[in-house]
Amino acid sequence: MELNKYQRAAVLDESDACIVNAKVGSGKTTVLISKVLYLHEVKHISYDKMIVLTFTNKAADEIRERLLAQSGNCMFEGFGTFHSVALYLLREKLPIEELGYKPEFAVITPEEEEELALELIKEQKLKIKYQNRLKKRLEQEREPYENGSREPRYQDDLFLLMRLLGQEKLKRNEFTFRDIIRVTNYLLKKELQSGTGRLDFHPEWLIVDEVQDCDAIQIEFLTLLKQYGASFFAVGDPNQVIYSWRGSSSRIFYRLKDEFHARELSLPLNYRSSNVILEAAKHFQQNADDLTGTREFGDLIVVKNQYNSFQEANDLAVQIHLLAKRGIPYREIAIFYRLQSQSEQLEKVFATEEIPFEVSVKKTVQDVPILNWFLKKMKQDCQNRELFAGAPWKTERAIEVLDVSAQEIYDFLNVNEHLRQNSVGYQDEREQILAMLDRMLRYAKEQHLTLIDGFRQFLNSSALYGINILQKEVDMAEDSVKLMTLHASKGLEFSYVFIIGVNYGLIPLRTQDFEEEDEERRLFFVGMTRAKDHLELSYYTNPDLPRVAEGASRYIQMIPQHLIQDESRSDAAKEFTTDGRVDLQKMRKEVEKSDTMHTLAALFGAANTPTVGANADEAAPRRVRHEKYGVGVIVGEDENMIEAEFENYGKKEFMKMFSELEML
DNA sequence: CGCATGTGGATTTTT
DNA sequence: TCCACATGCG
C-alpha cells in the first residue's frame, strides 16, 4: 500500500502530541509503523528512546512482524501491551523494594486472585454477598474502592476483603494484571514528585495503538510517561469502542486529545469495503463524519429471512458450497454472531457437510487442568531462589546448560509424586508437563537467564499472554470458513461476511441504557465493516433462543432500502428445498454435473468475483535489490512509497526516503 | 428452617 | 423475560 496525503500528514506531523482519528480500514497500522520508521530514519530518534504500546498481544505481534520486515531487529525502550511494558518497568527500572515487593515477584490471574479471596473470606469469617460472582465483583468494584468510595455496592465486607487482599498479595509478592499498571503508575508518579531524577528512564516518543480502548489507569500510565518528557503519537477510532463494559469509553479519545492538548488528524479513506457496504455502515457510526470510500459501488447487501437457526445453518452450507465451487477460498468467508452459543448449530451442520471451518473460542492453559495445576505450582516454587540448589547439572546458567533436559528437571522436581500414576490420563499428563518444561527451558536459554529467573519470567509473561502451546490459535491463513462473535471480528477482514441472527434481543442485545445501546450499534458497525465485497444479514421468523424477538431487527431498517437486496429465502436454497428442508445432496449433484459458472450466474446473478493477484502493470518489470530479501520486482509506487515483491518473502513496502532498495 | 417477596443480572472478553 | 439469591416473617 502507498501512503495517501492524510496518512503522510500523520507520519510527518511535527506536534508534541498528535492523535489520529483512524477510520475503519484506513491503514492505521501502516501509519503507525511508518511513523516509527520515520522517527528513526529521518528524525534520528534511537529505538531505545521509543515506547510502542498496544492493547492486545495480537496487535503487538502484528506490528513487530511488520517492523521487522522493514527495518530488521530494533530494541525499543518498551514494546508490547500496556501490561508487558509496565511489567518491564517494574522489573528493570522501578524501586519496587520500597513498597515491600521483592524482585522475584509473580503475576497472578483473576482466577488465582479469586481463590485467594475465598481463602481470606473463610479464614477471617467475612460476610460477602454474591460469592458466586466474586470475580466479577472484585473487578467491577475495585475502581470505586481505590477512588475512596465509602461503601461497597451491597452492605457487606467487600472493601475490607479488598484491603486484606492487598496486604496478602504484598506478603506473597504477587501482582494482578491491574496491580501491574497501578503500582507502576504509583512509582512513576512518586519518582516524578521526588524530583531526584535518579530513574534511568528517558523516553522521547510514546506511540500508542488503538488508543480508544484505554481504561482510566491506562490513561494515567500514558499521562505519566508523557511527563517523563515523551512526545505522544496515538492512533485510534472512537467508532470502534466495543469494550466499554470493562473500562474504556467512546469519550476517551476526545478526553485524551484535550488533556494532552493533542492535534487531531484524520484518516478518512477506507480501502477495504465496497461503497454499498460503507454507505450502510455509516448509518451506524456515532458521529456521522468523513468516512470515505475508495472502491466501486459493489454488490447490494443481501437481507434474508430464515425460519430458525437450523434452516439458516443449512442455507449457509449451500451458499458456501456454491462459493467454493466458484473458486472463492474458504478463508475469505466469515460468519459473525452476537453470542458464543450461536456457533453450535453451524458447527454441527458444517461438520456433516464437510465444510472446513474454525471457531474462534479463546482457550488458555486454564482449560487444561493438569497444566493449570503445574504452572500454579511452579509459580510458587520459583519464588524460592534455592529451588534448583543441589541439582545434578553443573551450572545454573541456562545458556550453559544446553544439555539439561526437560526430563531431568521433571525428575529433580519430583513431579511424578504429584500425579496419579495409575490413572488413564497419566501418560498424557506427563507429556504435557514435559512439553511445558521444554518450552520454559527454551525461553530461559533464549533470554540468556538463569534457569530460575528464566522460569519466573516465562511464568509472568505467560500469565499475560496465555499459553497457546496445545491448541493452535485460529489461523487466518488456514483455508477454512471462520466462525466468530462480532467482538472477535475486530481488526479482521473477509471478502464474504454473513452476520446471522439480526433480531432484536441479539443484534442489538436488550440493553439497560442508551450507553449500552450505543455500544451495540458500534459493534454492528465493526462487524459490517469487516466485509470487503459481499455482506449478508439474516434474521429469524422463529428464533430458538430465549428473549429474542421474531422478525428483522430495527438495525435492518436503519439501512437505506436502495442498498438492500431483499430475499425471503435465497434462490439457491429454494431450488433444492423439499418440505422445508434443503436437499444438499441434490444440490451438490446438480452443481457438479452442470456447467458451474453458468448455473451460478443463474443462481446468484452476475456477481463480481474479486480479482486475485491481477497485476495492472504489464510493462517490463523493474528490478531492485534489498540487503535482506535479495532481488525483487517493483509492483507499486508513489512519490513516497515503493512496493516490491521478493521471491521468498512476498510483497514488502518501503519508504523511498530511506533508500533501502538498490535499483537494477 | 420454609416460604413469600424483592432485587438484579443475563451477553461480549484482553491482560 | 426468567432465574438465582437475599431478606424478612412465622
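Within every chain, numbering begins at 1; the chains are lettered A, B, ... in the order of the sequence lines, protein sequences first and strands thereafter. In this text, all values refer to a predicted model and were calculated from it rather than measured experimentally.
Considering Arg172(A), Arg178(A), Arg142(A) in turn, Arg142(A) is the only one that fulfils the salt bridge (charged side-chain N to carboxylate O under 4.0 Å, His left out) rule with Glu113(A).
Position along DNA chain B of the nearest nucleotide to Gln512(A) versus Tyr243(A) favours Gln512(A) as the more 5'-ward residue. Between Arg178(A) and Ser341(A), the residue whose closest nucleotide on DNA chain B is further toward the 5' end is Ser341(A).
For the pair Asn185(A) CG and dT15(B) P, the interatomic distance rounds to 19 Å; values are reported in whole Å. Rounded to whole angstrom, the span from the CZ atom of Arg133(A) across to the P atom of dA10(B) amounts to 7 Å. One atom, CD of Glu519(A), and another, P of dT13(B), lie 12 Å apart when rounded to the nearest Å. Distance Phe177(A) CZ to dT13(B) C1': 12 Å, rounded to the nearest Å.
Electrostatic pairing of Lys304(A) and Glu312(A) does not count as a salt bridge here, judged by no charged N lying under 4.0 Å from a carboxylate O. A salt bridge is defined here as a Lys NZ or Arg NE, NH1 or NH2 lying under 4.0 Å from an Asp or Glu carboxylate O, and Glu139(A) with Lys135(A) fails to meet this definition.
Base contact: Arg338(A) has a heavy atom under 4.0 Å from a base atom. When heavy atoms are screened at a 4.0 angstrom cut-off, Lys136(A) is found touching base atoms of the nucleic acid.
When each of dG9(B), dA6(C), dT13(B) is scored by its nearest atom to the side-chain atoms of Tyr130(A), the top-ranked nucleotide is dA6(C). Checked against dG8(B), dT15(B), dT12(B), the side chain of Gln340(A) finds its nearest nucleotide in dT12(B). Closest to the side chain of His487(A), from the set dA6(C), dT12(B), dT15(B), is dT12(B). Listed nucleotides dT15(B), dG9(B), dT14(B) differ in distance to Phe55(A); the shortest reach to its side chain belongs to dT14(B). Distances were taken from every side-chain heavy atom of Arg547(A) (C-beta onward) to each of dA10(B), dG9(B), dT15(B); the shortest belongs to dA10(B). Residue Tyr154(A) has its side chain nearest to dG9(B) when only dT7(C), dT12(B), dG9(B) are considered. Side-chain atoms of Ala488(A) lie closest to dT13(B) of the nucleotides dT15(B), dT13(B), dA6(C).
For the pair Asn57(A) and dT15(B), the criterion of a side-chain N or O lying under 4.0 Å from OP1 or OP2 is met. Note on Thr485(A): a side-chain N or O is less than 4.0 Å away from OP1 or OP2 of dT13(B).
Residues Phe55(A) and Tyr243(A) place their aromatic rings such that the two centres sit no closer than 6.0 Å.
A side-chain N or O of Gln212(A) and one of Glu210(A) form a donor-acceptor pair less than 3.5 Å apart.
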